[in-house]
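Worksheet: one structure, shown below.
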Amino acid sequence: MVKRLNFEFYNNHALEVAPLLLGKILVRRFDDGKEIRLRITETEAYCGESDTACHAKAGRTNRTKPLYDKGGTVYVYLCYGIHNLINVVTGEKDDPQAVLIRGVEGFSGPGRLTRALSIDRSFNEDDFSTSHRIWIEDDGFVPKYKTTPRIGIDYATEPYKSAPWRFVLEGEAEK
DNA sequence: AAAGTGATCATG
DNA sequence: ATGATCACTTTG
């Protein structure tokens, strides 16, 4: 039984949604009707303005605006001038949390998976629960996973810097 | 180990 | 207008 994740799923706390997204299937549908499906293997949670690793730490800006939108909103931004990173906004509107999709089956690294799926900044502010070109499905797979601190956030301060908010599917390559 | 890359945000 | 800072990847 495959079902598309809906608003109700995304309307929860990032720390709850992040591990649940493991094992789910990221679907990218192209204009010609072709679809690519890849199982999500790695996620990270970013939790609000108090989380010094979260982009929303500096408050609402033009860039972070999608984080404040309702659960299920797509947040894509350019990192290091090269890579588009894709996040799933979670939680209530005006509560800036998101889950970064860091890896999918066959592609490890958040920049490589967006390149593989041709995801760019035009996807920003799309909606995972209604979009026709990007969504996530549940096929019943129950994830076994482990947690580690998040990657690439040396600029953050404790306790957020070492909070175990990275979620990796059991059996995936560890860094 | 280090560069490449460019939007974004805070300064002036 | 300029400069610092990056949720990374690749190359050596």
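Below, chains carry the letters A, B, ... as their sequence lines are ordered, and counting in each starts from 1. In this text, all values refer to a predicted model and were calculated from it rather than measured experimentally.
Per the geometry, CZ belonging to A:R150 stands 12 Å off P belonging to C:dC8, to the nearest Å. One can place CG of A:N87 at 11 Å from P of C:dC8, the figure rounded to the nearest angstrom. One interatomic measurement links the two molecules: CG of A:D51 to P of C:dA7, which rounds to 12 Å at whole-angstrom precision. In this structure, A:D154 places its CG atom 10 Å from P of C:dC6, rounding to the nearest Å. Rounded to whole Å, the distance from OH on A:Y77 to P on B:dT5 is 19 Å. At whole-Å resolution of the value, CD1 in A:I101 and P in C:dC8 are 15 Å apart. A:L85 places its CG atom 7 Å from the C1' atom of C:dC8, with the value rounded to the nearest Å. One interatomic measurement links the two molecules: CZ of A:R102 to C1' of C:dT9, which rounds to 12 Å at whole-angstrom precision.
Taking CG of A:D95 as the reference point, atom CD of A:E49 lies at 8.5 Å (rounded to 0.5 Å).
In this structure a side-chain-to-backbone donor-acceptor pair under 3.5 Å is present from A:T61 to A:T64.
Counting heavy atoms from C-beta outward, A:F141 and A:L169 have side chains that approach closer than 4.5 Å.
When the ring pair (Phe, Tyr, Trp, His ring centres under 6.0 Å) test is applied to A:Y46, no partner is found at least two apart in sequence or on another chain.
Judged by distance alone with a 3.5 Å cut-off, a donor-acceptor contact links the side chain of A:H55 to the base of C:dA7.
For the salt bridge (Lys or Arg N to Asp or Glu O under 4.0 Å) test with A:E137, the passing option among A:K3, A:R37, A:R4, A:R28 is A:R37; the others fail. Evaluated for a side chain to side chain donor-acceptor pair (under 3.5 Å) with A:D51, the options A:K57, A:Q97, A:R150 yield exactly one hit, A:R150.
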* Tell me, for nucleotides 7-12 of chain B in 5' to 3' order, what letter each nucleotide earns: B for a base near a protein heavy atom under 4.0 Å, S for only sugar-phosphate near one, - for neither? -> SSS---
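Counting only Watson-Crick and G-U wobble pairs whose two key distances fall under 3.5 Å, DNA chain B forms stems of three or more stacked pairs at B:1-4 with C:8-11, B:6-11 with C:1-6.
For B:dA7, the glycosidic angle deviates from 0 by more than 90°, giving an anti base.
Annotation for A:N62: atom CG does not count as buried by contact number, only 12 or fewer foreign heavy atoms lying within 6.0 Å.
Using cut-offs of 30° and 60° for the angle between ring planes, the A:F128 and A:Y10 rings count as tilted.
A side-chain N or O of A:D126 and one of A:S131 form a donor-acceptor pair less than 3.5 Å apart.
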